[in-house]
S.K.: 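Sharing a structure below in structure tokens format, with a few things to ask.
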Amino acid sequence: MRISRRRAGIHLFGGRPIGVRHGLGLTVLLALLVAGGAGVFQRTWEFLDFGAGVLALVSLTATVLWGLAATDRLLLDSSHRLLAQGVHRGLAVAGLGFLALHICVKVAESQASAAAIVMPFADPARPVLIGLGTVGAYLFLAVALTGAVRSVFATSGRSRWWRALHMCAYPAWAVSLVHGLKAGRAASGWVTAAYILCLLGVAAALMTRVAVRRRSSSGGMRG
């Protein structure tokens, strides 16, 4: 015989027989209190102070790599290119989210002024290094906006403008790399290794793309 959940006393959101909803709320509250007492939130903030920028750069580097992969027509078919484009866009959103978190943490910690975030090279202490980060953020934002409204540039005359604006991802990535290595405290070994891997990955992808284009153009001339 079938017994309804309400009669069996396991209706999770009603919770009248055993108060599941209230018990869950108290459990979450107790867990938060214990975590706060153990200093988890303080360590989390310390991690965000140091790691949010690294996560932003790694995510945006992966965005550049997947963007290059999405344009490949030699090794990937159309379905694989669509998948690469989806990963490219998802990583772009994640990278911009980490970038916004990085900016908010630095302003909250008074390590950068709000004016320096809005206006490049306006930071009184480190105008060049902080300014490079601001320029990189603006360029990445321009790339993201042009990617979101790509249909506006669908005509042949406007497609060149879209490519030119989207190519801003490369200088944005370059200045962000310099900003990440030099603007903050001395990077630990794993951070430096991550930045080196980012550099090698983008360089390898660009070299591969140039080689493929040269091969395809030379093949077209022969044909």
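Basis for what follows: all heavy atoms, side chains included, without hydrogens, waters or symmetry-related copies.
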S.K.: Same cluster or not: Val135 versus Leu132, using hydrophobic residues (I, L, V, M, F, W, Y) connected whenever any side-chain heavy atoms lie under 4.5 Å apart?
M.R.: no

S.K.: Output the rest of the hydrophobic cluster of Leu141: all Ile, Leu, Val, Met, Phe, Trp and Tyr residues reachable through side-chain heavy-atom contacts under 4.5 Å, sorted by chain and number.
M.R.: Leu145

S.K.: When clusters are formed by joining ILVMFWY residues with side-chain heavy atoms under 4.5 Å apart, either directly or through shared neighbours, do Met167 and Leu177 land in the same one?
M.R.: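 Cluster IDs for Met167 and Leu177 match.
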
S.K.: Linking I/L/V/M/F/W/Y whenever any side-chain heavy atoms sit under 4.5 Å apart, do Tyr170 and Leu57 land together?
M.R.: yes

S.K.: Listed by chain and number, what are the ring-ring contact (aromatic ring centres under 6.0 Å, His included) partners of His166, not counting sequence neighbours?
M.R.: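 Trp162.
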
S.K.: How close do Pro120 and Gly131 get, counting heavy atoms only, and between which atoms?
M.R.: CB-O, 4.2 Å

S.K.: Considering residues at least two apart in sequence or located in another chain, which fulfil the side-chain contact (heavy atoms from CB on, under 4.5 Å) criterion with Val105?
M.R.: Trp45, Leu48, Asp49, Leu101, Glu109

S.K.: Restricting to side chain to side chain donor-acceptor pair (under 3.5 Å), what partner residues turn up for Ser79, sequence neighbours left out?
M.R.: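 By the side chain to side chain donor-acceptor pair (under 3.5 Å) rule, Ser79 matches Asp77.
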
S.K.: Sequence neighbours left out, what passes side-chain contact (heavy atoms from CB on, under 4.5 Å) with Ala116? Give chain and number order.
M.R.: Ser113, Asp123, Ile130

S.K.: Who passes side chain to side chain donor-acceptor pair (under 3.5 Å) against Thr61, sequence neighbours left out?
M.R.: Trp173

S.K.: Report the C-alpha separation of Phe140 and Ser176 in whole Å, then their side-chain angles, then the decisive distance to 0.1 Å, and conclude whether the side-chain contact (heavy atoms from CB on, under 4.5 Å) test is met.
M.R.: CA-CA 10 Å; Phe140 273 125; Ser176 298; 3.5 Å; yes

S.K.: Please enumerate all residues that pass side chain to side chain donor-acceptor pair (under 3.5 Å) together with Gln85, with sequence neighbours excluded.
M.R.: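 Testing Gln85 for side chain to side chain donor-acceptor pair (under 3.5 Å), a comparison that skips the adjacent residues, returns none.
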
S.K.: When Ile, Leu, Val, Met, Phe, Trp and Tyr are grouped by side-chain heavy atoms lying under 4.5 Å apart, directly or through other members, which residues fall in the same group as Leu129?
M.R.: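 The other cluster members (ILVMFWY side chains, heavy atoms under 4.5 Å, direct or chained): none.
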
S.K.: Are Leu60 and Val58 co-members of a hydrophobic cluster defined by side-chain heavy atoms under 4.5 Å apart?
M.R.: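 Looking at the clustering, Leu60 is in the same group as Val58.
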
S.K.: Can you see which heavy atom on Ala94 is nearest to which on Ser59, and at what distance?
M.R.: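 Heavy atoms of Ala94 and Ser59 come nearest at C-CB, 4.4 Å.
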
S.K.: Can you tell me how far NE2 of His179 sits from OG1 of Thr134, rounded to the nearest 0.5 angstrom?
M.R.: 7.5 Å

S.K.: With sequence neighbours excluded, what pairs up with Leu165 under the side-chain contact (heavy atoms from CB on, under 4.5 Å) test?
M.R.: Thr146, Phe153

S.K.: What residues, two or more places apart in sequence or in another chain, satisfy side-chain contact (heavy atoms from CB on, under 4.5 Å) together with Leu55?
M.R.: Phe47, Phe98

S.K.: Just by modelled atom types, is the Trp66 backbone N or O under 3.5 Å from a matching donor or acceptor in the His88 side chain?
M.R.: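 Judged by distance alone, no pair lies under 3.5 Å.
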
S.K.: Between Met119 and Leu139, is there a shared hydrophobic cluster once you connect ILVMFWY residues whose side-chain heavy atoms come closer than 4.5 Å?
M.R.: no

S.K.: How many angstroms lie between CG in Leu96 and CG in Leu91, if you round to the nearest 0.5 Å?
M.R.: 11.0 Å

